[in-house]
Amino acid sequence: MSTPEKSIVLLRELLALDNSYIDACRLEQVNVICVDNADQKHKTMPFKTMYAGNKQFWLKNDTAEYFLSYEDFLKVEERASGIKAPVILSIANEADQAAKNDHTAQEAGAEQEINGYGQGYDFIAAMTETERASYIKESKNRLDEFIAQKQKDRQLVAEAMVESTQDAVLCNHATLMNIMNLSNDDAKKQSKDLILSTCDFVKSSSQLILENVYNEELKGALETKSNGTILQHMTRVYMNGLAFLSYYNKQVLTSSIINKLRISFKKYAPFYQNLLPHVENLTLEKVFLGGMRAIPENDFHDWVVGFLVHDIGKAAAVEYHESDAAFNREIVVEHVYVGYNAILNKTNYPRGASLIAGWHHEYYGDPSGYGSFRSLLEKHLKTNPDMKPAYCIAYDIKRMTTCEALAFFPVKMLEIVDVYDALTDPNRRYRKALAPQEALALMEEEFVRKNPKLDIILFDLFLKFMQEAN
Ligand SMILES: [Fe+2]
Ligand SMILES: [Fe+2]
């Protein structure tokens, strides 16, 4: 068999020697050169992506042969020779199990799931903080390469996007667990590099989504690449939230949506009047403090970081969230406070991200909702009984901390995506997943018309977004 230039190591021969090579390939994030047996054409794919789709892909596909470049082989050899023995060992066990089971990646993932973050968790939890930071950085570099190359293989990009987002969630979770009991200063010091890598990663994945990637391939990859329900939920909410925010910006910047809303405001007025009974002559400008507007880049990135880590507080009680245990409101409510406090006090994440974690179940103060904003508002009204929020939604953190508005813009966007995902999530153990149209109809009826929990204008925009994205 002829091989492409420099690809000198036949993967199936290498991996037959020892299972630790499999782990080393994953840990080093090497690429596999796939050579088509029929025409000898070749393309490069990340090992991890191939492995996630088929745990023994190098054996099962008789239409292609797989190679490592010599450079990658050296990295793998070095890693497998014991430098990171404890990590390799834990992954080897997992890979052995997967090989025995001989199932698809999804089935194997479900069977081996040991916690709500899935089988990849041990792998990442065993890393040092520095390793986790560079792991995310490598994912970011891969996305940057796609941007620079204007990569046209949408399947490849979609899979890399989903996998790297899952990795970012896992790394953040593992670090949070490590720093939880440290002093705030030590925790910030220890998480510093990871936070920087995550924020950089978010910028690159935002750019990819903005450019072209929100498509069928991405949705397909989001559906099939699941390692655990919380992880899958956070990954989907991050990507869908990012895509929705970007759709919002496009609508505001390129269509006359604001004018149209002003003209049709009458139909929305009763919804807002109910929330702001003390405000007279409601207009669009009284709904959106400072007027409805596009989101500047800095805020955009800060907020999507918040989307990425919005449920990170579930880490503290992951067994409950992933079990069949009866509904326990106390534990459920706790996740927003845990997430808010951890992000705010133990990390240098943008302030907006902590608010998103702490306020994403407020639902305009509905009694079924919860979060730290309602306590802030209550306190505020006690000391300033005459000063009631005069607006529904603010874009500015300062205007939120002075309680001038009922809700923070990115939170109202996230709530919609979050509820939609919860209703359509096939992995929720306590409820059957709804079809997209059923979920949207239920949200409109229950969470907009009957109980004003989700914002009506943003919900209408979400309907449009879903129509256009599908
Ligand atoms: Fe949540
Ligand atoms: Fe959530």
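Counting convention: from 1, in listed order, for ligands and their atoms alike. Predicted model only: the values in this text are computed from it and were never measured.
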Worksheet item: What is the NE2(His361)-the Fe ion (ligand 1)-NE2(His335) angle, to the nearest 10 degrees?
Response: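 The angle at the Fe ion (ligand 1) comes to 90°, rounded to the nearest 10°.
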Discussion item. Please check this pair: side chain of Arg142 against backbone of Met161, looking for a donor-acceptor N/O pair closer than 3.5 Å.
Written reply: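 No; judged by distance alone, with no hydrogens or angles, the pair does not exist.
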Item to complete: Establish, yes or no, whether the cationic atom of Lys412 lies under 6.0 Å from the six-membered ring centre of Tyr364 and within 45° of the ring axis.
Response: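 So Lys412 does make the cation-pi contact.
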Worksheet entry | Asp425 and His233: side chain donor to acceptor below 3.5 Å |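 Looking only at side-chain atoms, His233 and Asp425 do not form any donor-acceptor pair under 3.5 Å.
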Worksheet item: Between the side chains of Glu129 and Asn178, does any donor sit under 3.5 Å from an acceptor?
Response: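 The criterion, which ignores hydrogens and geometry beyond distance, is satisfied for Asn178 and Glu129.
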Worksheet entry | Nearest to the Fe ion (ligand 1) - the N/O/S atom of Asp311, by atom name |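 Atom name returned: OD1.
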Discussion item. Under 2.8 Å from the Fe ion (ligand 2), can any N, O or S atom of Asp418 be found?
Written reply: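 Given the 2.8 Å cut-off, Asp418 counts as a ligand of the Fe ion (ligand 2).
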Practice prompt. Just give me the atom name: the N, O or S atom of His233 closest to the Fe ion (ligand 2).
Written response: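 Answer by atom name: NE2.
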